[in-house]
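A short write-up of the structure that comes next.
The analysis underlying the following values was restricted to heavy atoms, covering all of them including side chains, and did not include hydrogens, waters or symmetry mates. Each chain gets a letter, A, B and so on, in the order its sequence line appears, and its residues count up from 1.
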Protein chains: 2
Amino acid sequence: MPNSQYRYLQRHFSDLIRDNKLKSGTKLPSEREIGEAFKVTRVTVRQALQNLEAEGLIYRQNRRGWFVTPPAVVYDPASHLSFNRYVAEQGSTPHTEKLAQQVEPANAKIAQLMCITEGTPVLFLHRRRYINLRPILIEKMYINLDLLPGLENEDLSQSLSQLLQQKYQREYRDMDLSFKSTALPSHAANDLGISTGQAGLQVERINYTSDKKVLEIDYEFWRHDAVTINIAIRD
Amino acid sequence: MPNSQYRYLQRHFSDLIRDNKLKSGTKLPSEREIGEAFKVTRVTVRQALQNLEAEGLIYRQNRRGWFVTPPAVVYDPASHLSFNRYVAEQGSTPHTEKLAQQVEPANAKIAQLMCITEGTPVLFLHRRRYINLRPILIEKMYINLDLLPGLENEDLSQSLSQLLQQKYQREYRDMDLSFKSTALPSHAANDLGISTGQAGLQVERINYTSDKKVLEIDYEFWRHDAVTINIAIRD
DNA sequence: CAGTGGTCTAGACCACCAC
DNA sequence: TGGTGGTCTAGACCACTGG
């Protein structure tokens, strides 16, 4: 039953990648070339490629081709290290790009979570993060300006955790986390330059101060193939 | 650009489901019927259905058809509640089925994680868990028999956390968690009765006793559309 | 048994990318 | 401009499900 042609193809490339005969970042031959080589139609080739994409072994760049996925980064949201530190420690190069920034009135949901009155100004921050020049994460954050006055005038493409520590003597401490494995919403897929409907990992995070006030609410949209989440629970 | 026919179909069903005009568990019309109704081929219909599946709105049963996905369960691995309690508290009916059970010598990896010598007997347990009769989770667990002698003679389709508490006066405490959003490996997909290559959430968990010994190592394979993970981090 | 989804063929046109 | 992936047609046969 699992002896279809696309499974054969899938296995073929999966073996090549695992044996490192196709290295991270390499471009695969075009769908038509693969089809000719294996005497199957493009439909069949694409079925195999899409499954490999779901496994996280390859990914596509819109109309440019298919590429071998680089290793995933290990991310521990509960550690107090910044994204930049993580990625660097794992031997890759991080980069952060600010896409938008705006002081805006808190909507009902944010206000309720932050325990502030609706309409209080909060800082909205929209960033894209890269590993080795590959965009892998979209962040949309709502930051409590009552606790961090003047933050909107800082350079917000740098590490927020460092900024909080150095300028405000604040640290990330308690947090509520939520994870969901699902297709990325179209806004996030567009920002990442991938086609809508691709699998992703959505993370919601509420950061609290040591006196239990809400510092920041994050919505993160990760490429599913770019991250493994690790958390240590210690009572 | 996002105005293709399959996106139109996708939107159509997505709206029906969100407006609850197609209720949880309902079977969709057959692919051929949908194709006729919208004057498109089955290829196009399937593209739309596969995207809806990636979004977690619908799921398939092998050669039986497409169905509207029921709401996801919220799961907190760090809470000390059992799976059964969770699911019941969220208004659904849990069920656990033991697929295999075996006392076997620890392999190198398990032995290292458990800090025992390779070949020491450990209890391997393989279970399938259901919500409202829908299989949503495969567990493969390795349990430290040094800490839980005689466990292999208990009924292992019941809640392990209750068993540990009542018979051994042990509780789950510290744990290391790892999450990865990726296609389910074929063994898990088969056990869940879904086609290989479907998206899923893989969880690895190492449970420690209060004196920091490894009680149990779990590998969990969830349907991606069946669960949202929530965790509270408190320093 | 009829009907379903699973797999596959052999084409086609389009939008976009790199050269 | 030639080649890429993205979308789509109009069929086909198969394996399996359900009555």
**Item:** Residue whose nearest DNA chain C nucleotide is more 5′ - A:Arg64 or A:Arg32
**Value:** A:Arg32
**Item:** Side-chain donor-acceptor contact under 3.5 Å, A:Asp176 with A:Ser178
**Value:** no
**Check: B:Ser161/B:Arg85 side-chain N/O donor and acceptor closer than 3.5 Å** = no
**Request:** Take atom CD1 of B:Ile34 and atom C1' of C:dG3, then tell me their distance rounded to the nearest Å.
**Result:** 15 Å
**side-chain N/O A:Thr41 vs C:dG11 OP1/OP2, d < 4.0 Å** = no
**Request:** For A:Trp66 and A:Glu53, test the side chains for any donor-to-acceptor distance below 3.5 angstrom and give the result as yes or no.
**Result:** no
**Prompt:** What's the closest nucleotide to the B:Arg63 side chain, out of C:dG6, C:dA10, D:dG5?
**Reply:** C:dG6
**Asked** CG of A:Leu49 versus P of D:dT4: gap in Å, rounded?
**Response** 14 Å
**Asked** To the nearest angstrom, how far is B:Glu36 atom CD from C:dG5 atom P?
**Response** 13 Å
**Nearest-neighbour nucleotide for the A:Ser4 side chain, C:dC8, C:dG6, D:dG5 considered** = C:dC8
**Request:** Write down the distance between CZ (B:Arg60) and C1' (D:dC16), rounded to a whole number of angstrom.
**Result:** 15 Å
**Prompt:** Rounded to the nearest Å, what distance is computed from the NZ atom of residue A:Lys39 to the P atom of nucleotide C:dA10?
**Reply:** 11 Å
**Asked** Would you say D:dT7 has OP1 or OP2 under 4.0 Å from some side-chain N or O of B:Tyr6?
**Response** yes
**Request:** Classify the nucleic acid contact of A:Ser30 as base, sugar-phosphate or nothing, counting any heavy atom under 4.0 Å across all strands shown.
**Result:** sugar-phosphate
**Asked** Could you state the CG-P distance from B:Asn190 to D:dC16, rounded to the nearest angstrom?
**Response** 13 Å
**Asked** Going by modelled atom types, is there a donor-acceptor pair between the base of C:dG6 and the side chain of B:Arg42 at under 3.5 Å?
**Response** yes
**Item:** Whole-Å gap separating P (C:dG11) and CZ (A:Arg46)
**Value:** 19 Å
**Message:** Tell me the interatomic distance from B:Gln61, atom CD, to D:dA15, atom C1', rounded to whole angstroms.
**Reply:** 17 Å
**Asked** Taking OP1 and OP2 of D:dT7, is either one under 4.0 Å from a side-chain nitrogen or oxygen of B:Thr44?
**Response** no
**Asked** If only atom types and distance count, is the side chain of B:Gln90 paired as donor or acceptor with the main-chain N or O of B:Val74 below 3.5 Å?
**Response** yes
**Message:** Categorize B:Glu33 for me: base, sugar-phosphate, or nothing, with a 4.0 angstrom heavy-atom threshold over every strand shown.
**Reply:** sugar-phosphate
**Asked** Applying a 3.5 Å limit to both distances, which nucleotide forms a Watson-Crick or G-U wobble pair with C:dG3?
**Response** D:dC16
**Of the listed nucleotides C:dA10, D:dG6, C:dG5, the one nearest the side chain of B:Trp66** = C:dG5
**Message:** Please determine whether a side-chain nitrogen or oxygen atom of B:Arg7 lies at a distance below 4.0 Å from atom OP1 or OP2 of D:dT7.
**Reply:** yes
**Message:** Whether B:Gln5 contacts D:dT9 is assessed here as follows: a side-chain N or O lying under 4.0 Å from the phosphate OP1 or OP2. Is that the case?
**Reply:** yes
**Message:** Under 6.0 Å from the ring centre and within 45 degrees of the ring axis: does the NZ or CZ of A:Arg134 meet both conditions for the six-membered ring of A:Tyr59?
**Reply:** yes
**Request:** Apply the side-chain hydrogen bond (donor to acceptor under 3.5 Å, both in side chains) test between B:Arg127 and each candidate in B:Glu97, B:Gln101, B:Glu139; give the one that qualifies.
**Result:** B:Glu139
